[in-house]
Amino acid sequence: MKIDIDIQKLDNRLDNEEWPILIAGPCSAESEEQLVYTAKELAQIGKVSAFRAGIWKPRTRPGSFEGVGEVGLKWMQTVKKETGFAVATEVANVEHVEACLKYGIDIFWIGARSTVNPFTVQEIANALKGTNISVMVKNPVNPDLQLWIGALERLNKAGIKKLAAIHRGFSPFSKMAFRNDPCWNLPLELKTLCPDLPIICDPSHITGSRDLISFMSQKALDLNMNGLMIESHINPKEALSDANQQITPRELKQIIEDLVLRKPKTQDKVQASKLMELRAEIDQLDEEIFHKIASRMKIAAQIGEYKKKNGVTIFQMGRWEQILEKRIALGSAIGLSEFFIKELLEAIHQESIRIQTDILQSKK
Ligand code: PEP
Ligand code: MN
């Protein structure tokens with residue numbers, strides 16, 4: 001089912017036919033010199049469409065740098081005047097919206113900690129009524145697609161049509177390689193539900209690490225994301241917020257030059273038919289895999305009957321550990337990662353347990 005959101009093109013400075021949307025700038029505005037100097041360097045890359053900087057910083061814990069506040073909006077005006085960039089910042093309440101409107105900020109974004117709260121989003125949407133501002137909505141910190149869509153709908157109902165989503169990843173439950181879990185299935189589902197909505201990837205907040213930005217940016221473009229928002233600071237190590245993930249404008253230039261732009265489809269007929277052949281093979285193999293899994297489930301059901309008759313519990317730790325160990329060894333011998341084997345077996349095992357639970361609990 002598609003979502004009914006009425007989308008118009010974003011601020012036309014973001015609309016570069018040949019290149020994805022590229023928004024860059026520091027995590028936080030720290031001083032006028034820092035902003036203007038960074039913006040001028042970014043302007044030289046030639047591909048940056050808009051300049052970002054946080055004015056009010058939503059820190060998880062109090063006591064760290066919480067942004068320069070309204071004075072930073074004046075600096076953003078200077079950036080706009082000196083470089084011609086559209087300027088973007090985060091708004092988290094009505095006061096922020098009013099101040100940004102007063103200082104002519106072009107693009108507003110709603111941060112991950114605000115998207116989780118429909119009251120906050122509604123307040124911001126009400127304050128924006130009657131304006132024609134471009135608004136970008138970051139995904140909520142928790143992996144809840146409905147909250148993300150709900151925020152976009154609230155803005156749209158308030159008459160905001162120049163909308164985009166920003167994918168910045170989701171707070172992980174346990175430590176992982178990235179600062180935030182990308183959970184790619186969510187932005188991809190959003191794209192399917194709302195094909196006209198541009199989705200901009202924020203590799204800085206997903207990875208939390210400057211060394212991984214290039215990798216994540218390429219991945220985002222290969223997954224058909226419409227643009228990137230990347231944090232860039234003139235002196236990243238001294239940055240007052242998110243120091244580990246910011247890169248210099250020069251480093252950004254290199255990353256941009258190294259990115260490979262691919263298209264969703266090739267125009268070359270021979271290559272296109274080769275792809276069709278390979279996809280037909282994949283379809284065939286998927287069919288075989290599904291038949292095998294169905295056969296496996298039938299045997300699981302027979303085991304369920306046996307357990308019921310003999311008063312045996314469904315789960316036996318020893319057997320499960322043995323399966324895991326053997327299958328991981330098999331997987332590694334044939335080039336399948338341990339992570340993948342575990343995830344796959346876990347899903348199959350859950351389904352077997354569900355089938356056996358039904359059998360053990362049926363009155364027959
Ligand atoms: C930011 O963009 O600097 C920011 C605070 O992001 P998020 O809301 O994604 O944490
Ligand atoms: Mn940041």
Side-chain angles (χ1 to χ4, degrees), residues 21-30 34-35 38 42 48 50-62 64-69 72-73 76 86-93 96-97 100 105-117 120-121 124 134-144 147-148 151-152 155 164-172 178-183 186-187 190 199-210 212-213 216-217 220 225 227-248 251-252:
I21 296 165
L22 179 60
I23 303 170
C27 177
S28 302
E30 298 169 6
Q34 170 236 11
L35 278 201
T38 313
L42 290 172
V48 178
F51 182 80
R52 65 148 282 156
I55 300 293
W56 302 276
K57 295 307 294 178
R59 309 315 297 278
T60 304
R61 306 272 305 272
S64 40
F65 177 64
E66 298 206 324
V68 292
L73 297 175
M76 292 292 256
V87 289
T89 199
E90 172 173 350
V91 291
N93 58 36
H96 296 168
V97 171
C100 286
I105 300 297
D106 305 288
I107 304 157
F108 297 9
W109 83 77
I110 298 188
R113 291 160 196 77
S114 301
T115 309
V116 286
N117 185 349
T120 300
V121 175
I124 295 173
S134 297
V135 182
M136 310 188 291
V137 180
K138 287 206 170 199
N139 66 251
V141 280
N142 55 325
D144 183 339
L147 267 178
W148 200 3
L152 289 157
L155 289 156
I166 301 180
H167 171 224
R168 52 78 80 192
F170 304 87
S171 296
F178 304 131
R179 177 179 178 185
N180 288 303
D181 189 339
C183 302
L186 273 87
L190 181 60
I199 308 185
I200 297 166
C201 177
D202 174 347
S204 310
H205 288 90
I206 293 178
T207 64
S209 154
R210 64 177 67 84
L212 297 170
I213 293 192
M216 193 56 72
S217 303
M225 296 292 115
L228 300 167
M229 173 150 106
I230 300 181
E231 287 188 339
S232 177
H233 190 285
I234 208 66
N235 186 3
K237 291 203 174 78
E238 301 299 320
L240 298 180
S241 57
D242 287 349
N244 294 336
Q245 69 194 34
Q246 302 208 57
I247 53 176
T248 61
E251 287 163 336
L252 179 65

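Both ligands and their constituent atoms are indexed starting at 1 by order of listing. Computed from a predicted model, the values in this text were never measured in an experiment.
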With heavy-atom distances below 4.0 Å as the criterion, list the atoms of ligand 1 near [X].
X: Glu90; result: 5 (C)
X: Gly111; result: 8 (O)
X: His205; result: 1 (C), 2 (O), 3 (O), 4 (C), 6 (O)
X: Arg113; result: 7 (P), 8 (O), 10 (O)
X: Cys27; result: 3 (O)
X: Arg52; result: 1 (C), 2 (O), 3 (O)

Is any N or O atom of [X], backbone or side chain, closer than 3.5 Å to an N or O atom of ligand 1?
X: Lys57; value: yes
X: Glu231; value: yes
X: Asp242; value: no

**Study point:** Thr248 vs Ser232 side-chain heavy atoms within contact, under 4.5 Å
**Key:** no

For [atom], which protein heavy atom lies nearest, and how many Å away is it?
atom: atom 6 (O) of ligand 1; value: Lys138 NZ, 2.9 Å
atom: atom 8 (O) of ligand 1; value: Ala112 N, 2.9 Å
atom: atom 9 (O) of ligand 1; value: Arg168 NE, 2.6 Å

Check your understanding: Between the side chains of His233 and Asp242, does any donor sit under 3.5 Å from an acceptor?
Key ->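 The answer is no; no qualifying pair exists.
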
Check your understanding: Asn235 and Glu238: side-chain donor and acceptor closer than 3.5 Å?
Key ->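 Absent: no donor and acceptor within the cut-off.
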
Practice item. Taking all heavy atoms of Thr89 and all of Gly54, pick out the closest pair and write down the distance. Key: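 In terms of heavy atoms, the two residues are closest at OG1-CA, 3.8 Å.
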
Review point. Do you know the tightest heavy-atom contact between Gln246 and Ser241?
Key: NE2-O, 2.9 Å

Exercise for review: Would you please test Met76 and Ile55 for side chain to side chain contact (heavy atoms under 4.5 Å, CB included) and show each step?
Suggested key: CA-CA 9 Å; Met76 292 292 256; Ile55 300 293; 4.1 Å; yes

Exercise for review: Quick one: do His96 and Glu90 satisfy side chain to side chain donor-acceptor pair (under 3.5 Å)? Show the steps, please.
Suggested key: CA-CA 8 Å; His96 296 168; Glu90 172 173 350; over 6 Å; no

**Study point:** Separation between CD1 of Ile234 and CG of Leu42, rounded to the nearest 0.5 Å
**Key:**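 Between Ile234 CD1 and Leu42 CG, I get 7.5 Å after rounding to 0.5 Å.
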
**Study point:** Nearest-0.5 Å distance that lies between atom OG1 in Thr115 and atom CH2 in Trp109
**Key:** 12.0 Å

Check your understanding: Which single N/O/S atom of Glu231 lies at minimum distance from the Mn ion (ligand 2)?
Key ->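 The Mn ion (ligand 2) is closest to the Glu231 atom OE2, counting only N, O or S.
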
Review point. Out of the N/O/S atoms in Asp242, what is the name of the one closest to the Mn ion (ligand 2)?
Key: OD2

